[in-house]
Amino acid sequence: GAGVSQSPSNKVTEKGKDVELRCDPISGHTALYWYRQSLGQGLEFLIYFQGNSAPDKSGLPSDRFSAERTGGSVSTLTIQRTQQEDSAVYLCASSLGTKNTEAFFGQGTRLTVV
Amino acid sequence: KNQVEQSPQSLIILEGKNCTLQCNYTVSPFSNLRWYKQDTGRGPVSLTIMTFSENTKSNGRYTATLDADTKQSSLHITASQLSDSASYICVVSAGSSNTGKLIFGQGTTLQVKP
């Protein structure tokens, strides 16, 4: 596609429910990143994929968070048993995967846990 | 610990004036440094990307500098416009692997007033 696409753009969920966030990277981009941005805060790294594997999952805040990527393309970030502190904008970015190439960001999914 | 620190946290300037934003990092090994602009409610958009050997790079009215010895970078905005009002984020790519992990600063919020 023309850019990184994320869905849904907004999600309101009840505390305790599971949510799935989707990221469609730019076609051909092998590297994919997930970040979280809480209100008024900087971006917090969650996980990144090189192809279908995740060399670095160190940013996932708890075992309620998981992510997968299939076919080297679409990725889903799943949050189980959501808590109010999970409310944030979840941003996805992709890059060609070579060292000094740009990372392009999607518009993000705004998650609100009530 | 790999960190990226930005200053000032926020800045207000009058339209037409110049300003300089600072970024200090303690990231090793260093791969590259990027400046992003993030408008409210949107994903970050890349302004510049600099590798170890580059000292300065311009993109229109934006000029970024890099001193890899002192681990400092600056973003200079010339003849500011109202549309420059945004958050400016310094991002350092860490690691010697193919993609590296992007480490984000907290950002500087710039407000340009008429």
Side-chain angles (χ1 to χ4, degrees), chain A residues 2-7 9-10 21 23-26 29-60 69 72 88-110, chain B residues 1-10 21 23 25 27 29-54 57 59 64 66 68 86-109 111:
Chain A
V4 178
S5 177
Q6 291 187 245
S7 61
S9 54
N10 279 285
L21 313 180
C23 173
D24 278 279
I26 293 172
H29 280 194
T30 60
L32 185 148
Y33 306 81
W34 282 100
Y35 291 86
R36 177 170 73 171
Q37 188 170 33
S38 301
L39 187 63
Q41 302 295 313
L43 275 82
E44 174 190 3
F45 169 79
L46 297 178
I47 186 171
Y48 97 86
F49 290 90
Q50 177 60 27
N52 291 336
S53 64
D56 192 342
K57 305 178 184 179
S58 62
L60 294 177
R69 189 179 186 195
V89 175
Y90 289 81
L91 286 160
C92 174
S94 72
S95 71
L96 271 174
T98 53
K99 215 173 183 178
N100 297 314
T101 56
E102 285 193 33
F104 295 86
F105 283 81
Q107 296 287 65
T109 293
R110 180 175 297 280
Chain B
K1 181 182 176 182
N2 288 332
Q3 285 187 314
V4 178
E5 303 283 344
Q6 291 187 244
S7 61
Q9 187 174 15
S10 63
L21 315 180
C23 174
Y25 61 93
V27 175
F30 169 86
S31 178
N32 58 66
L33 185 144
R34 310 152 188 244
W35 283 93
Y36 282 85
K37 178 185 179 187
Q38 185 177 22
D39 292 309
T40 302
R42 304 184 72 87
V45 174
S46 179
L47 295 175
T48 64
I49 177 170
M50 288 185 292
T51 60
F52 182 89
S53 60
E54 295 176 292
K57 183 165 278 190
N59 178 0
L66 173 64
S87 179
Y88 291 83
I89 308 169
C90 176
V91 183
V92 179
S93 179
S96 56
S97 62
N98 198 29
T99 56
K101 185 168 82 177
L102 299 180
I103 301 172
F104 284 74
Q106 294 291 81
T108 292
T109 301
Q111 188 176 358

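Just so we're on the same page: letters track the sequence lines, and every chain starts at 1.
- Using a 4.5 Å cut-off between heavy atoms, A:A93 does not touch chain B at all.
- Residue contact with chain A, scored on non-hydrogen atoms closer than 4.5 Å, involves the side chain of B:Q38 exclusively.
- Heavy atoms closer than 4.5 Å to chain B are found in the side chain of A:L91, but not in its backbone.
- For A:Q37, the part lying near chain B is the side chain, with the backbone staying farther off; criterion is any non-hydrogen pair under 4.5 Å.
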